[in-house]
Amino acid sequence: MTMKVTSKTFIRKTKRGNILKIVREHYLRDDIGCGSKICKKCKHNNERPLVKHQSINKDFPDKHYLLVDTNVVLHQIDALEDETLKNVIILQTVLEEVKHLSHSVYKRLMDIIGNYSRSFYVFVNVYHRDTYVERVRGESPNDYNDRMIRVATLWYNKHLDDKIKVLLLSSDEASKAKAINEGIPTMSLEQYISGLNNVTLTDKLSNRSCMVEETSKEPIFPPHLTPAKIHQGIKSGKLMQGTFFASVDNFLEGNVFVEGQEKNILIQGRENLNRAINGDIVAIQMLPESQWSAPANLVLADYDDLDLENDLNTVEKPKEKYPTGQVVGIIRKKWRQYCGIIQHSLVENATRHLFVPAEKKIPKIRIETRQYDKLKDQRVIVSIDTWPRTSRYPLGHFVRSLGKIGERDAENEVILLEHDVPHSKFSDEVLGCLPKETWTISATDLVGRKDFRDLDICSVDPPGCTDIDDALHCMPLDNGNFQVGVHIADVTHFVKPGTAIDLEASQRATTVYLTGRRIDMVPGLLSSNLCSLRGGEERLAFSCVWEMTPNAEIVNSTYTKSVIKSKAAMTYDQAQLIIDDQNQDNSIALGLRQLNKFAKILKKRRIEAGALVLASPEIRFLVDSETRDPLDVEVKQIKETNSMVEEFMLLANVEVAKKIYSDFPEFAVLRRHPKPPPSNFESLIKAAAHLGVELNVDTSRDLANSLDKAVKLDNPFFNTMLRILATRCMLQAIYFASGTKTYDEFLHYGLAAPIYTHFTSPIRRYADVMVHRLLAVSVAANNTTPEMLDKRKIEALCQTLNTRTRMSAYAERASVALNTHIFFRGKIRDEEGYILYVRKNALQILIPKYGLEGTLFLSPRKGQLQAATFTYNEEEQTQRCGEIVFRTFDPVSIQLSLDSSNVQHERIVLKLVKPEIPNFSVPSITASTVAVQESQKNPHEPCDSLCEPQLKKAKI
């Protein structure tokens, strides 16, 4: 290897007036391989080379490799991800420019490069002696990068001695012209793909042809302001910036959250929305107060729902007006890939179609595809390319198909993608961080650990649980006290800071549990094997060991890395049977009974302090082992052992929070649950007051006491209903860095805990991994890392954890909804329900057996006739039909069935059985299940997380 050094000298003047000479050296090498397998000149340095030449192209018949410029990568990454394109050279110049311009595209490109079967080769041209060029005076960075790309392409063609061509793919017309003048084989990616006669790949091209055509039409929307004018307007106060949230029900309405504003800014009408898409960061201008409005009471899904001359101006003038504005520019687009279906087309052989997203807040997208016959009954993914002023809809392109509408795998994929749940296979780099499957605990692993293998430790979990995070033990001491241990899987022994597996876990943030499927935060070798505290196997753990008095008072605490051997891995039912069977008197049984006694004391103490006992109907499906179809649904039964495990997990989390905060007052990762504002409880207080129940929400203790007293003998489910509705008044619990809040703000409102964290589930929560590392430093088991003491990075990571946790909860609910729909296919059932809310035109009904909430409409839907008339009393929150009056919390009998008439959104239909109302109620079915007539079936039965009803699984 020979080295060549180029250098640049800069003269700078310091603040003190001194002259500083700076010499910047750039080392060039001659041993960087070109990556081609046919090349005999270069050494590949164990890199995986470009294997074979690219497929023959009718527009470029020579054998060739491809070399792409930056714009091709940025704008056509969906096409580059297609398996058809292989043996592609990525220059370091391009890689660095993409990383600077778009982190998301850079990550996708790195994933392609990491897939060795694609043979994408990174050539470090900036350090190669023959491909490095210096920037000339006055040359723009863009022109300099383009020249670097052309120089490298020309070198490749000379270096390979015409045995194989290197074709430059560029979308920059000026750069293409210069390349052709320099004798470099060049064409656009569009030209290249047209020569492959690959329809699927053609559809994946960014929709640029439509852009040109759309510019010739009359504008529909006003122009956006330039970035400079937006910046100037925000600085002067004439404009404001915020996040745009589209309405679910009305596509011509939305609002913008502006930090510091008391209310969101209402946006109404096509021109005022001005092409903003849900999640965009927008610049808005306030309208004069005389033009302020209020949300319209309209359901408008698309332009098809509008009458010829009808718009929002025809709506009755509102009594209360809201601050109203208009979008004048898009500061940052939050576009992503969208799941949905292609709208039915009546035009034969049409290539332009409308894509209907599953997310109701996203507008339809116009795409080009020649695969309509193939894709019309498929769930597909589409990306937005642009939204010209002249087009009603944004323009985009097809990315890929997910599968047939209504099939479980396709619908699960939609759920994961729409909720942004990372679920790709773990990369080779991540898997490379794992120990061998035959790994066993060595003498080195035991250094600094307490040996608890002789203790009678056991775990208690749901049936079928394989990722066992926690185990317990309890034994009497000679002084009359007890030793109680909470042992948590030591995931950080295998997941070291800064490694590929650590970065992957931090991005996934949490394990996601869909019905019948689990998306792990860490690979299965750890989650279900080496970290899982399985019965009869030695495992590394992090233990909290307390000496407790018989009254569950902690005398002293010990936190230590340990090694354990669980004597039994039990389900809640199994543990409950052992506790209840007084004939069992072995150490495990005695320990469980004492733990259960302690748990009751701890729970009583928490409730007296103001902890809330809320409710959320949770169900589980009995699933066919072969088809994975749900056979039946049952509400999860809560036993004493559930509460027993929960109490000790809460205790461990609280005690660890105190420990890490005392040692890291600025950097502790904690979890807070803010107190809900009184306005959140207004509707609940009003509904309870109509039934003579007074709710005091001044403090969590006041609310807990009010809920305990709220009992109606004629409605045994009343108290549970109140607790369910109280759960929905709560704010989300969030992770944060202790140095970013005052101690008073640490409060966990629902648990009435002054300080709290998550420590007990590191297999499935990354927050717990962070807490384990802090605790390990506290007990001198590990050293600190710079990241642990960087408050800004910790807070940023906490924000990621909060987002991922929230989205995973939504995905899990959507999965329950999907399986509920599958369960109801071909079935009609009568079930008992309770009124949650009384609306102007409907009743919101909770069906406890299925844990679902649905809408019973009281007024006729569009195109329907109805003889029964209901009268709504807004003051008393009632609906009356003759002598029948409906109030919140009233029991009703409901008939449930599945409506599959909407290909995009299935929904559970609710019909009233009892009380009986002539010309409205339906007769009760004689059997619990009856087959639906074939004429009612739809061959394409989709399920969607966004349709009615929504299943609730709220947790604090």
Side-chain angles (χ1 to χ4, degrees), residues 412-413 415-427 430 461-462 464-470 488-492 494-495 497 499-528 531-533 542 616 618 646 649-650 652-653 656-657 669-673 731-737 748 750 756-774 793-816 945 951-956:
N412 273 335
E413 188 73 7
I415 289 172
L416 294 170
L417 291 169
E418 284 298 299
H419 294 93
D420 194 25
V421 175
H423 60 287
S424 58
K425 291 182 178 179
F426 289 103
S427 68
V430 169
D461 291 281
C465 178
T466 60
D467 51 345
I468 303 173
D469 289 282
D470 54 87
I488 307 300
D490 189 5
V491 176
T492 57
F494 301 96
V495 180
T499 58
I501 193 170
D502 181 50
L503 295 173
E504 180 70 21
S506 69
Q507 289 304 305
R508 295 192 176 215
T510 181
T511 294
V512 181
Y513 298 88
L514 304 186
T515 301
R517 182 181 177 189
R518 189 179 78 201
I519 294 89
D520 285 321
M521 183 183 79
V522 294
L525 179 62
L526 296 185
S527 63
S528 296
C531 289
S532 183
L533 306 182
F542 210 145
S616 179
E618 294 188 30
E646 179 184 11
M649 297 307 108
L650 292 174
N653 287 336
V656 168
V669 177
L670 302 176
R671 186 165 175 82
R672 59 190 288 262
H673 181 216
L731 300 177
Q732 182 192 4
I734 54 176
Y735 299 108
F736 68 102
H748 195 294
Y756 190 69
T757 193
H758 272 164
F759 164 75
T760 55
S761 297
I763 293 177
R764 61 183 180 89
R765 289 190 306 232
Y766 190 77
D768 303 54
V769 173
M770 298 171 71
V771 170
H772 274 233
R773 288 175 180 157
L774 289 167
K793 285 186 178 179
I794 295 170
E795 186 61 21
L797 189 49
C798 284
Q799 294 305 319
T800 299
L801 301 183
N802 292 329
T803 301
R804 291 281 190 225
T805 301
R806 182 174 64 252
M807 297 309 288
S808 69
Y810 293 158
E812 288 168 11
R813 293 180 201 171
S815 177
V816 173
S945 61
L951 286 100
K952 306 298 180 183
K953 192 183 176 185
K955 290 183 179 178
I956 292 178

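We use all heavy atoms of the structure for the numbers below, so side chains are in, but hydrogens, waters and symmetry mates are not.
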### Query
For L797 and V669, what are the C-alpha separation, side-chain angles and deciding distance, and is it a side chain to side chain contact (heavy atoms under 4.5 Å, CB included)?
CA-CA 10 Å; L797 189 49; V669 177; over 6 Å; no

### Task
Apply salt bridge (Lys or Arg N to Asp or Glu O under 4.0 Å) to R806 and list each qualifying residue two or more places apart in sequence or on a separate chain.
none

### Query
How many angstroms lie between atom OG1 of T757 and atom CZ of R672, to the nearest 0.5 angstrom?
13.5 Å

### Message
For R773, give me all partners under side-chain hydrogen bond (donor to acceptor under 3.5 Å, both in side chains), at least two apart in sequence or on another chain.
### Response
D502, Y766

### Query
Could you walk me through whether D467 and Y513 pass the side chain to side chain contact (heavy atoms under 4.5 Å, CB included) check?
CA-CA 12 Å; D467 51 345; Y513 298 88; 2.5 Å; yes

### Message
According to side-chain hydrogen bond (donor to acceptor under 3.5 Å, both in side chains), who are the partners of S527, at least two apart in sequence or on a separate chain?
### Response
D520

### Separation between CZ of R804 and CE of M521, rounded to the nearest 0.5 Å
13.0 Å

### Query
Within the distance-only criterion (no hydrogens, no angle test), does the side chain of T510 pair as donor or acceptor with the backbone N or O of R765 below 3.5 angstrom?
no

### Task
Mind listing the closest non-hydrogen atom pair of P762 and A489 along with its distance?
CG-O, 3.2 Å

### Query
D461: what forms a salt bridge (Lys or Arg N to Asp or Glu O under 4.0 Å) with it, not counting sequence neighbours?
none

#### Entry: Gap between atom CD1 of I734 and atom CG of L801 - 0.5 Å precision
11.5 Å

### Flag side-chain contact, heavy atom, 4.5 Å: T803 against D420
no

#### Entry: L514 side chain near I519 side chain, heavy-atom distance below 4.5 Å
yes

### Contacts of D490 that satisfy salt bridge (Lys or Arg N to Asp or Glu O under 4.0 Å) - sequence neighbours left out
R449, K561

### Task
Output all residues satisfying side-chain hydrogen bond (donor to acceptor under 3.5 Å, both in side chains) with R508, sequence neighbours left out; order by chain, then residue number.
E504

### Task
Would you sort out whether M770 and I794 count as a side chain to side chain contact (heavy atoms under 4.5 Å, CB included), showing the intermediate values?
CA-CA 9 Å; M770 298 171 71; I794 295 170; 4.2 Å; yes

### Task
Just jot down the side-chain contact (heavy atoms from CB on, under 4.5 Å) partners of A796, sequence neighbours excluded, or say none.
none

### Task
Compare every heavy atom of N412 with every heavy atom of S815, then report the nearest pair and how far apart it is.
OG-OD1, 4.4 Å

### Task
Indicate yes or no for a side-chain donor-acceptor contact from T805 to the backbone of N802 under 3.5 Å, with no hydrogens or angles considered.
no

## Note on the structure
Closest non-hydrogen contact found for V512 with E812 is CA-OE2, 3.9 Å

### Message
Going by the rule side-chain hydrogen bond (donor to acceptor under 3.5 Å, both in side chains), which residues pair with E646 if we only count those two or more places apart in sequence or in a different chain?
### Response
none

#### Entry: Where V430 and A500 come nearest, the two heavy atoms and their spacing
CG2-O, 3.7 Å

### Query
Could you go step by step and tell me if V491 and D768 meet the side chain to side chain contact (heavy atoms under 4.5 Å, CB included) rule?
CA-CA 9 Å; V491 176; D768 303 54; over 6 Å; no

### Query
side-chain contact (heavy atoms from CB on, under 4.5 Å) with T466: which residues, sequence neighbours excluded?
R518, S528

### Message
Restricting to salt bridge (Lys or Arg N to Asp or Glu O under 4.0 Å), what partner residues turn up for R764, sequence neighbours left out?
### Response
D469

### Query
Does any non-hydrogen side-chain atom of V522 lie less than 4.5 Å from one of F494?
no

### Query
Can you name the residues that form a ring pair (Phe, Tyr, Trp, His ring centres under 6.0 Å) with Y756, not counting sequence neighbours?
H748, H758

### Sequence-distant partners of F426, ring pair (Phe, Tyr, Trp, His ring centres under 6.0 Å), two or more places apart
none

